[in-house]
Amino acid sequence: MICKPTHPIVVLGAGGQLGQEICKNLQSRALPFTRLALDITNRFTVLRQLRDLPASAVINAAAYTQVDFAEVDPDICYSVNAQAIYHLVEACRLLKCPLVQLSTDFVFGGDRTRQSPYSEDDLPKPLSVYGRSKLAGEQIAATWPAHFIIRTCGLYGGLSANAEAPSFAKTMLELAENHLSLRVVADQRCTPSYVPHIAQAILKLIQTEAYGTYHITNAGSTTWYEFASTIFQRQGLGVSVIPISSADWGAAAARPHYSVLSCSKYASVCGAPLPSWELALKEYLDYRNSI
Ligand SMILES: NC(=O)C1=CN([C@@H]2O[C@H](COP(=O)(O)OP(=O)(O)OC[C@H]3O[C@@H](n4cnc5c(N)ncnc54)[C@H](OP(=O)(O)O)[C@@H]3O)[C@@H](O)[C@H]2O)C=CC1
Ligand SMILES: Cc1cn([C@H]2C[C@H](O)[C@@H](COP(=O)(O)OP(=O)(O)O[C@H]3O[C@@H](C)C(=O)[C@@H](O)[C@H]3O)O2)c(=O)[nH]c1=O
């Protein structure tokens with residue numbers, strides 16, 4: 001069951017920030033489905049639309065990603081992030097092709113003393129409805145042996161409806177236009193990751209038959225406070241960034257204080273790690289400044 005570099009690939013959630021970037025990389029090989037074209041929670045539609053396609057893989061970039069709203073509406077979050085994956089497993093079984101299921105660093109966080117990067121073998125312990133729903137989705141995807149479960153983190157720099165997708169980085173740059181100071185959490189350490197790098201890494205990995213769970217992020221780690229400060233410093237913006245705690249920010253969903261992912265398994269299968277978050281951020285800002 002090899003995903004040959006010339007064969008078409010189904011991309012679900014093709015209107016999302018990662019889905020769009022994957023389709024851009026695949027060019028004519030993409031068989032893209034936006035939510036409007038295919039609602040993954042509808043088993044009948046999934047099987048009818050996918051069963052006869054000449055697909056060599058199904059990449060599921062569709063998800064419910066509103067972490068705070070998920071706390072008040074867990075049913076819709078679970079139906080997209082978990083229940084729907086049963087339908088995708090069924091479709092991949094019919095198509096005899098691998099399932100590529102995107103997941104998140106938010107499957108971790110419950111270990112509050114953690115201070116070293118999580119490997120794929122570490123026991124997940126989510127803190128939020130979103131994190132638990134994504135973990136459930138992983139477990140369902142893993143019932144199909146030909147699976148790639150890919151955990152990533154803090155995506156930015158992708159497109160949505162042909163404009164830049166909402167992300168922490170974009171929000172910071174927009175807020176800087178009319179704020180002299182911003183309060184940003186300084187007690188969540190993770191690795192914000194640049195969508196073009198993640199999309200390319202996924203497409204490289206799935207050309208192998210090394211099925212399993214992988215962590216794929218840019219290298220290194222930072223806090224949102226440091227990330228925002230670096231953005232403003234690099235852009236020469238005089239915004240003062242005030243470090244605050246997650247409790248001060250007061251979001252509905254709890255976030256991990258530490259969710260850095262070790263990506264050494266990806267590097268050993270694909271030959272090299274991704275660039276550091278600092279280099280990725282430079283690439284993003286250079287691109288943004290050039291348009
Ligand atoms: N964003 C991030 O920082 C991170 C994301 N991830 C994971 O990466 C993956 C991609 O995330 P990202 O691109 O940022 O997410 P987006 O929210 O940008 O895109 C998700 C897409 O899924 C679509 N979708 C939602 N519900 C359904 C449904 N029932 N059927 C079909 N499509 C649906 C959405 O459509 P619509 O817009 O119409 O609702 C949207 O286009 C997800 O699995 C996410 O959990 C992991 C770590 C970090
Ligand atoms: C806008 C803003 C956010 N924040 C905080 C809130 C939050 O804790 C942190 C990041 O905010 P965001 O809302 O961008 O991201 P958040 O929803 O925490 O991001 C997550 O998205 C999901 C889908 C994932 O899977 C994760 O990997 C993760 O990146 O920054 C501030 O402290 N100050 C601000 O001005």
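Heads up: numbering here begins at 1 and tracks the sequence. Counting convention: from 1, in listed order, for ligands and their atoms alike. All values below were derived from every heavy atom in this structure, side-chain atoms included, with hydrogens, water molecules and symmetry-related copies excluded.
- Proximity annotation for atom 32 (N) of ligand 1: of Gln83, Arg35, Arg151, Arg35 comes nearest, heavy atoms only.
- Checking only distances, Thr171 never comes within under 3.5 Å of ligand 2, N or O to N or O.
- Across the listed options Phe106, Phe168, Tyr156, Phe168 owns the non-hydrogen atom lying nearest to atom 11 (O) of ligand 2.
- Of the heavy atoms in Met172, only side-chain atoms (C-beta onward) come closer than 4.0 Å to ligand 2.
- Shortest contact from atom 13 (O) of ligand 2 to any protein heavy atom: Arg255 NH2, 4.3 Å.
- Closest to atom 42 (C) of ligand 1, if we only count protein heavy atoms, is Ala63 CB, 3.4 Å.
- Under the 4.0 Å distance rule, the nearest protein heavy atom to atom 15 (O) of ligand 2 falls outside the cut-off.
- Atoms of ligand 1 lying under 4.0 Å from any heavy atom of Leu38, numbered from 1 in the order shown and given with element: 30 (N), 31 (C).
- Side-chain contact between Leu38 and Leu50 is present, with heavy atoms from C-beta onward closer than 4.5 Å.
- Residue Val184 places a heavy atom under 4.0 Å from ligand 2.
- The residues Glu120 and Arg151 are annotated as not salt-bridged, no charged nitrogen and carboxylate oxygen being separated by less than 4.0 angstrom.
- How far CG of Leu31 is from CD of Gln49: 11.5 Å, rounded to the nearest 0.5 Å.
- Among Trp224, Phe227, Tyr130, the residue whose heavy atom lies nearest to atom 23 (C) of ligand 2 is Tyr130.
- Counting only distance, with no hydrogens or angles, the side chain of Arg51 and the backbone of Leu94 share no donor-acceptor pair below 3.5 Å.
- If you look at Lys134 next to ligand 1, the close heavy atoms, those under 4.0 Å, all belong to the side chain.
- What sits closest to atom 8 (O) of ligand 2 on the protein, heavy atoms only, is Gln188 NE2, 2.9 Å.
- A salt bridge does not link Arg255 to Asp187: none of the charged side-chain nitrogens sits closer than 4.0 Å to a carboxylate oxygen.
- Close approach to Asp39 involves these atoms of ligand 1, each under 4.0 Å from a residue heavy atom: 28 (C), 29 (N), 30 (N).
- Under the 30°/60° scheme for interplanar angles, the aromatic rings of Tyr214 and Phe148 are found to be tilted.
- Summary of contacts: the protein heavy atom closest to atom 9 (C) of ligand 1 is Leu102 CB, 3.6 Å.
- With atom 33 (N) of ligand 2 as the reference point, the heavy atom nearest to it among His179, Arg183, Glu174 is part of Arg183.
- The shortest N or O to N or O distance between Asp105 and ligand 2 is below 3.5 Å.
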(Q) Set out, in order, the CA-CA distance, both residues' side-chain angles and the distance that settles side chain to side chain donor-acceptor pair (under 3.5 Å) for Asp39 and Thr41, then state yes or no. (A) CA-CA 5 Å; Asp39 178 345; Thr41 64; 2.7 Å; yes
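- For the side-chain hydrogen bond (donor to acceptor under 3.5 Å, both in side chains) with Ser103, the qualifying choice from Lys134, His215, Glu138 is Glu138, the only one to do so.
- For atom 34 (C) of ligand 2, the closest heavy atom belonging to the protein is Trp249 CH2, 3.2 Å.
- Distances below 4.0 Å separate heavy atoms of Gln17 from the following atoms of ligand 1: 1 (N), 12 (P), 13 (O), 14 (O), 18 (O).
- Regarding atom 46 (C) of ligand 1, its nearest protein heavy-atom neighbour is Ser103 O, 3.1 Å.
- When non-hydrogen atoms are compared, ligand 1 lies under 4.0 Å from neither the backbone nor the side chain of Phe168.
- The protein heavy-atom contact nearest to atom 22 (C) of ligand 2 is Val67 CG2, 3.7 Å.
- For atom 41 (O) of ligand 1, the nearest protein heavy atom (residue, atom name, distance) is Gly16 N, 3.1 Å.
- For atom 16 (P) of ligand 1, the nearest non-hydrogen atom from the set Thr65, Leu155, Thr152 comes from Thr65.
- Protein heavy atom closest to atom 6 (N) of ligand 1, with residue, atom name and distance, is Tyr130 OH, 3.9 Å.
- Counting protein heavy atoms only, atom 5 (C) of ligand 2 is closest to Val185 CG2, 3.8 Å.
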Q. Are Glu21 and Lys24 close enough, and set up right, to give a salt bridge (Lys or Arg N to Asp or Glu O under 4.0 Å), and what steps lead you there?
A. CA-CA 5 Å; Glu21 187 70 24; Lys24 196 167 108 188; 3.7 Å; yes
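- For atom 37 (O) of ligand 1, no protein heavy-atom neighbour is present inside the 4.0 Å cut-off.
- Not one N or O of Ala62 is nearer than 3.5 Å to an N or O of ligand 1, by distance alone.
- Which parts of ligand 1 touch Thr41 is read off a 4.0 Å heavy-atom cut-off, strictly below it: atoms 29 (N).
- Here Val80 has side-chain heavy atoms under 4.0 Å from ligand 1, and that is the only part of it that gets that close.
- Checked against Tyr156 for a ring-ring contact (aromatic ring centres under 6.0 Å, His included), the options Trp224, Tyr284, Phe168 give a single hit: Tyr284.
- Heavy-atom contacts of Gly154 reach the following atoms of ligand 1: 3 (O), 48 (C) (cutoff under 4.0 Å).
- Below 3.5 Å of separation, one finds no N or O of Ser167 facing any N or O of ligand 2.
- For atom 21 (C) of ligand 1, the nearest non-hydrogen atom from the set Pro166, Ala61, Gly19 belongs to Ala61.
- Outside the 6.0 Å centre-distance limit, the rings of Tyr287 and Tyr194 are not counted as a close aromatic pair.
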Q) Does the pair Ser264 and Ser262 meet the rule for a side chain to side chain donor-acceptor pair (under 3.5 Å), with working shown? A) CA-CA 6 Å; Ser264 52; Ser262 162; 3.2 Å; yes
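- If you look at Ser79 next to ligand 1, there are no close heavy atoms at all, none under 4.0 Å.
- Residue Ala251 places no heavy atom under 4.0 Å from ligand 2.
- Ring geometry, Phe108 versus Tyr118: the interplanar angle falls under 30°, so the pair is classed parallel (tilted spans 30 to 60°).
- For ligand 1, the atoms closer than 4.0 angstrom to any heavy atom of Cys153 are 47 (C), 48 (C).
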